[in-house]
> 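Below is one structure. I have some questions about it.
Protein chains get the first letters and strands the later ones, always in sequence-line order, with residue 1 at the start of each.
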Number of protein chains: 2
Amino acid sequence: MTPMTPARSFPLSDSPQLGLRERKKIKTRTAIRDATYALIREQGYEATTVEQIAERAEVSPSTVFRYFPTKEDIVLTDEYDPILVRELNERPADEPWTESLRHVMRKAIAVGLAEDPEATRIRSQLMLQVPAVRARMLESMSVTGRMLGEAVAERSGRSGDSLEVRVYTMSLIGGLTEVSLYWAENDFQDDFAELFERALTVIERGLPTKNP
Amino acid sequence: MTPMTPARSFPLSDSPQLGLRERKKIKTRTAIRDATYALIREQGYEATTVEQIAERAEVSPSTVFRYFPTKEDIVLTDEYDPILVRELNERPADEPWTESLRHVMRKAIAVGLAEDPEATRIRSQLMLQVPAVRARMLESMSVTGRMLGEAVAERSGRSGDSLEVRVYTMSLIGGLTEVSLYWAENDFQDDFAELFERALTVIERGLPTKNP
DNA sequence: CCATGAAATGAGAGTAACTCTCAAAAGATG
DNA sequence: CATCTTTTGAGAGTTACTCTCATTTCATGG
């Protein structure tokens with residue numbers, strides 16, 4: 001659920017019994033991300049260079065690239081996909097899986113919006129304005145799609161590699177991405193959850209013809 | 001329908017009463033594309049530099065960038081989107097528009113496969129292997145989606161900007177993109193048109209649950 | 001057929017995202 | 001504290017892409 005989940009790494013205040021090394025890694029990771037968001041807010045995406053990001057995050061440019069393969073990824077990457085899938089697997093097994101999906105997505109959206117609304121908004125905005133970001137976003141959505149596909153497959157008694165499952169999940173993802181775009185285009189004025197419900201309805205039931 | 005349409009420019013043997021200038025432009029355009037396809041076939045995508053492309057096409061690197069904004073676009077761009085939309089608009093107005101879509105897509109696929117099967121295959125392959133290409137492909141599909149959306153909107157008595165139309169077309173596009181990927185992954189052994197039909201069915205009717 | 005204007009091209013310099021390599025720094029471990 | 005491993009920084013190199021300007025190439029009217 002890349003577009004509406006927050007950017008932060010994990011639990012961040014409580015870092016359990018991880019070694020100092022691991023904790024530092026998490027810290028630089030979020031430092032880089034925070035620096036990036038700040039700079040983008042100030043100057044926009046294109047004007048922000050990786051060198052500037054490195055400077056503000058107080059690391060070397062090399063390190064930035066070690067943590068994020070591309071500049072777009074700094075903005076886009078999150079760690080919520082596995083959580084999302086786990087959540088889906090925990091739904092009661094006899095629930096129709098479209099309904100499960102609905103629940104899980106709804107929850108993901110709620111959490112994302114609550115936990116880091118700014119990041120969520122910045123992401124959607126960039127998705128709208130910067131083609132490279134949008135492209136990469138779709139790409140990463142397709143990864144999410146594959147994970148969902150696995151879960152869906154299990155439930156629906158098909159293989160995750162089957163054409164049917166893949167087409168279905170990707171069409172789902174494609175549709176939902178469009179919701180984010182629509183939301184951003186209208187300056188975040190609509191209620192995201194409601195847009196999402198409408199979208200799900202369309203995807204499930206198709207587009208009723210108004211003039212037959 | 002970017003992924004399954006050929007790369008060639010227009011009519012190419014018969015260049016009507018276009019000025020010499022226009023004809024030359026078309027020629028360099030296809031020269032660049034042909035050079036690119038050839039080099040990719042020989043060395044792969046990453047290993048092929050724009051400089052090499054320019055050299056083989058006998059133009060300067062500057063010119064390559066004048067014709068195609070990015071390297072990925074050389075592979076991906078086609079001029080069939082408007083044709084596709086026109087075709088859609090020419091379907092009988094009383095035909096259910098899902099049926100119209102079906103017809104039009106089917107035709108696009110047939111034409112694309114017939115006219116330039118190699119380009120079609122190379123594209124799908126690159127989409128599979130090169131993330132940058134796949135990303136850009138999805139991006140360009142979303143443009144196609146918007147055009148389709150306009151047409152669909154007119155038919156279904158909604159605005160092309162409505163959330164419903166946008167979600168619907170993007171989910172359609174997303175699903176169909178997945179068909180190309182699936183096809184490429186399985187080494188083009190399946191019958192594309194048949195895969196496409198199966199995908200449309202899933203999109204229209206949803207995924208029937210096998211174990212309720 | 002040539003002169004003038006407009007458009008396309010090439011050459012070259014510049015930027016910024018990435019990649020690779022290697023030596024120095026910092027955390028883990030006994 | 002000594003050693004081993006992982007992480008970092010520095011720097012050089014590649015390549016996609018941008019901009020500018022002089023030169024060439026086509027279009028056009030006389």
> Does C/dA11 have OP1 or OP2 sitting under 4.0 Å from an N or O in the side chain of B/S62?
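False: B/S62 side-chain N/O out of range (4.0 Å or more) of C/dA11 OP1/OP2.
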
> Look at the side-chain N and O atoms of A/K71 and state whether any lies under 4.0 Å from the OP1 or OP2 oxygen of C/dC18.
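So the side-chain polar atoms of A/K71 never come under 4.0 Å of the phosphate oxygens OP1 or OP2 of C/dC18.
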
> Once you round it to whole Å, what is the distance between C1' of D/dT25 and CZ of B/R23?
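B/R23 atom CZ is separated from D/dT25 atom C1' by 14 Å.
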
> Report the distance from atom CZ of B/R66 to atom C1' of D/dA16, rounded to the nearest whole Å.
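It is 16 Å, rounded to the nearest whole Å.
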
> Please report the distance, rounded to the nearest Å, between CG in A/D73 and C1' in C/dC18.
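Answer to the nearest Å: 12 Å.
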
> Can a cation-pi geometry be assigned to B/K25 and B/Y67, taking NZ or CZ under 6.0 Å from the six-membered ring centre and within 45° of the ring axis?
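Not flagged: B/K25 not positioned over aromatic ring of B/Y67.
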
> A/P69 near the nucleic acid: base, sugar-phosphate alone, or nothing, with a heavy-atom cut-off under 4.0 Å?
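It contacts sugar-phosphate atoms only.
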
> Looking at A/T63, I'd like to know whether one of its side-chain N or O atoms comes within less than 4.0 Å of OP1 or OP2 on D/dG9.
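So the side chain of A/T63 is within the cut-off, an N or O lying under 4.0 Å from OP1 or OP2 of D/dG9.
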
> Specify the separation, in whole Å, of atom CD1 of B/I32 and atom C1' of C/dG10.
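Rounding to the nearest Å, CD1 of B/I32 and C1' of C/dG10 are 13 Å apart.
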
> Rounded to the nearest angstrom, tell me the gap between atom CG in A/L20 and atom P in D/dT8.
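After rounding, the reported distance stands at 11 Å.
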
> Could you report the tightest heavy-atom contact between A/A151 and A/L88, atom names first, then the distance?
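Closest approach of A/A151 to A/L88, heavy atoms only: CB-CD2, 3.3 Å.
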
> Report the distance from atom CD of A/Q43 to atom P of C/dA16, rounded to the nearest whole Å.
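Spelled out: CD on A/Q43 to P on C/dA16 is 11 Å.
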
> More than 12 non-hydrogen atoms from neighbouring residues, nucleotides or ligands closer than 6.0 Å to CD on A/E185, yes or no?
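Above 12, so yes.
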
> If you take all heavy atoms of A/V64 and A/I32, which pair is closest and at what distance?
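That would be CA-CD1, 4.0 Å.
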
> Would you mind classifying the nucleic acid contact of B/Y67 as base, sugar-phosphate or nothing, using non-hydrogen atoms under 4.0 angstrom?
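It contacts sugar-phosphate atoms only.
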
> Rounding to a whole Å, what distance do you find between A/E46:CD and C/dT15:C1'?
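After rounding, the reported distance stands at 13 Å.
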
> Look at the side chain of B/F65 and decide which nucleotide, out of C/dA17, D/dC17, D/dG9, has an atom nearest to it.
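Selected nucleotide (nearest to the side chain): D/dC17.
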
> Side chain of A/K25, heavy atoms from C-beta onward: which of D/dC26, D/dT7, C/dA16 has the nearest atom to it?
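Selected nucleotide (nearest to the side chain): D/dT7.
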
> Give the nucleotide from the list C/dC18, D/dT7, C/dG10 with an atom nearest to the side chain of A/T70.
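The answer is C/dC18, which lies nearest to the side chain.
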
> For a quick check, tell me whether the side chain of A/R21 and the base of D/dT7 share a donor-acceptor pair closer than 3.5 Å.
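It does not, because no donor-acceptor pair links the side chain of A/R21 to the base of D/dT7 below 3.5 Å.
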
> Whole-Å distance between D/dT25 C1' and B/K27 NZ?
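About 14 Å, once rounded to whole Å.
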
> If you assign each of B/T48 and A/S60 to its closest nucleotide in DNA chain D, which residue comes earlier from the 5' end?
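Per heavy-atom nearest nucleotide, the more 5' residue is A/S60.
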
> Does the side chain of A/K24 get closer than 4.0 angstrom to OP1 or OP2 of C/dG27 through an N or O atom?
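Checking A/K24 against C/dG27: at least one side-chain N or O falls below 4.0 Å of OP1 or OP2.
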
> Among D/dA10, C/dG27, D/dA16, which nucleotide sits nearest the side chain of B/V50?
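In terms of side-chain proximity for B/V50, the closest of D/dA10, C/dG27, D/dA16 is D/dA16.
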
> When B/D73 is tested against each of B/R33, B/R29, B/R123, B/R136 for salt bridge (Lys or Arg N to Asp or Glu O under 4.0 Å), which residue passes?
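With B/D73 as partner, B/R33, B/R29, B/R123, B/R136 yield a single salt bridge (Lys or Arg N to Asp or Glu O under 4.0 Å), made by B/R136.
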
